**Q** 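First the structure, which I've put down as structure tokens, then a few questions once you've had a look.
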Protein chains: 2
Amino acid sequence: MNISDLLLSNGIKPSIQRLQIFNFLFENRIHPSVDEIFISLCSQIPTLSKTTVYNTLKIFEKKGLIQTLKIEDDELRFDIDISDHYHFKCTKCKKIFDIYDNNTNTTPTLPHGFICKKKQINMWGLCKNCSKN
Amino acid sequence: MNISDLLLSNGIKPSIQRLQIFNFLFENRIHPSVDEIFISLCSQIPTLSKTTVYNTLKIFEKKGLIQTLKIEDDELRFDIDISDHYHFKCTKCKKIFDIYDNNTNTTPTLPHGFICKKKQINMWGLCKNCSKN
DNA sequence: GTATCTGCAAAACATTTGCAATTCT
DNA sequence: AGAATTGCAAATGTTTTGCAGATAC
């Protein structure tokens with residue numbers, strides 16, 4: 001299935017902007033910020049505005065196609081990987097790593113009556129490279 | 001040990017502002033925002049400024065006395081409870097609940113070489129009260 | 001032709017910064 | 001007096017909003 005069909009099947013009309021933004025997220029698994037997406041697509045879509053990037057990402061999240069990360073202090077980050085995984089931010093090199101772990105049960109038991117709809121696990125520390133030095 | 005001594009033993013000079021802000025966090029376990037702290041203490045300390053609240057909270061976090069939560073979209077929340085626990089935000093009543101669970105291992109296994117220094121688990125959904133209706 | 005989408009400019013807000021006034025010892 | 005703390009005002013930077021023009025069906 002191509003991206004155009006994927007958007008359509010989620011009730012999103014595939015405009016050029018939306019296709020390119022989704023494609024960027026798909027090709028670049030770097031949890032980009034709005035600014036990174038905007039700057040990267042400016043050359044291909046010279047009329048692109050940040051407003052459109054914001055709007056589009058909001059639609060994608062609403063439809064469950066991406067998730068918004070709150071791991072940075074100052075700005076939002078976006079992840080096209082909506083599978084059950086976690087994020088590790090290296091406080092030295094600033095990179096965000098995806099952490100997959102199928103063996104550990106990382107969902108805390110909730111009190112009776114609580115219904116969890118979304119979960120995010122964020123970790124901060126040193127990555128493999130940065131912990132060496 | 002009183003709050004004044006607690007601050008001193010963490011290398012923080014206990015000014016009136018710092019004592020009151022710490023005391024507010026200690027007495028009100030509601031994960032308050034800067035604004036909530038500021039408004040609540042204004043009547044007791046008429047000259048209080050938000051800058052001081054920001055500065056003080058930053059010092060407290062740096063010294064490990066509190067933790068800063070990134071569970072809200074738009075503002076920081078502060079928690080005086082630095083024990084290993086998690087947060088659940090009800091998307092209906094907007095309250096933030098503390099979740100304690102000693103039985104579940106909520107720390108994902110990290111790839112070799114990664115060193116975790118801080119972890120935050122955030123959940124969103126409906127609390128006991130709001131899920132009833 | 002109508003509804004949706006896009007994008008500019010301005011607004012809104014939380015947080016930070018510079019610096020002068022204040023406080024404490 | 002000297003060092004640390006406080007607080008005002010301005011700046012910063014991200015995200016949102018209003019609205020007019022463009023686009024799609």
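Not measured: the values here are computed from a predicted model. Residue numbering restarts at 1 for every chain, and letters A, B, ... go by the order of the sequence lines. Basis for what follows: all heavy atoms, side chains included, without hydrogens, waters or symmetry-related copies.
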**Q** So A:Q67 and A:F78, do their side chains get closer than 4.5 Å, heavy atoms only?
**A** no
**Q** Could you give the NZ-to-C1' distance, from A:K50 to C:dG7, as a whole number of Å?
**A** 13 Å
**Q** Would you say B:H31 and B:D98 are linked by a side-chain donor-acceptor pair, where the criterion is simply a distance under 3.5 Å?
**A** yes
**Q** Can you tell me which nucleotide in C:dA14, C:dT6, D:dA4 comes closest to the side chain of B:Y54?
**A** C:dA14
**Q** Cationic tip of A:K117 within the cone over B:W124's six-membered ring, i.e. under 6.0 Å and within 45° of the normal?
**A** no
**Q** Between C:dT6 and A:S49, is there an OP1 or OP2 to side-chain N/O distance shorter than 4.0 Å?
**A** no
**Q** Looking at B:D35 and B:K50, does any basic side-chain N land under 4.0 Å from a carboxylate oxygen?
**A** yes
**Q** So, the side chain of B:Q17 versus the backbone of B:T52: is there a donor-acceptor pair under 3.5 Å, distance only?
**A** no
**Q** Which residue, B:I16 or B:R77, contacts DNA chain C at a nucleotide closer to its 5' end, judged by nearest heavy atom?
**A** B:R77
**Q** Could you state the atom-to-atom distance from CG of A:N55 to P of D:dT17 in whole Å?
**A** 10 Å
**Q** In whole Å, I'd like the distance from the CZ atom of A:F38 to the P atom of C:dT6.
**A** 14 Å
**Q** Take the protein atom CD of A:E72 and the nucleotide atom P of D:dG13, then report the distance between them rounded to whole Å.
**A** 16 Å
**Q** Find the distance A:E75:CD to D:dT16:P and express it as a whole number of Å.
**A** 13 Å
**Q** Please tell me if B:T51 has a side-chain N or O lying less than 4.0 Å from either OP1 or OP2 of C:dT15.
**A** no
**Q** If you compare every side-chain N and O of A:S15 against the phosphate oxygens of C:dC5 (OP1, OP2), does one of them come in below 4.0 Å?
**A** no
**Q** Under 4.0 Å between a side-chain N/O of B:K58 and OP1 or OP2 of C:dT16, yes or no?
**A** yes
**Q** Classify A:D74 by what it touches in the nucleic acid, base, sugar-phosphate, or nothing, heavy-atom distance under 4.0 Å.
**A** sugar-phosphate
**Q** When we call it a touch if two heavy atoms are under 4.0 Å apart, what does B:S33 touch: a base, just sugar-phosphate, or nothing?
**A** nothing
**Q** Return the value, rounded to whole Å, for the distance between atom CZ of A:R18 and atom C1' of C:dT6.
**A** 9 Å
**Q** Rounded off to whole Å, could you give me the NZ-to-C1' distance for the B:K13 and D:dT6 pair?
**A** 13 Å
**Q** For B:K70 and C:dT15, what is the distance between atoms NZ and C1' respectively, to the nearest whole Å?
**A** 12 Å
**Q** Examine D:dT23: is either OP1 or OP2 under 4.0 Å from a nitrogen or oxygen in the side chain of A:Q17? Give yes or no.
**A** no
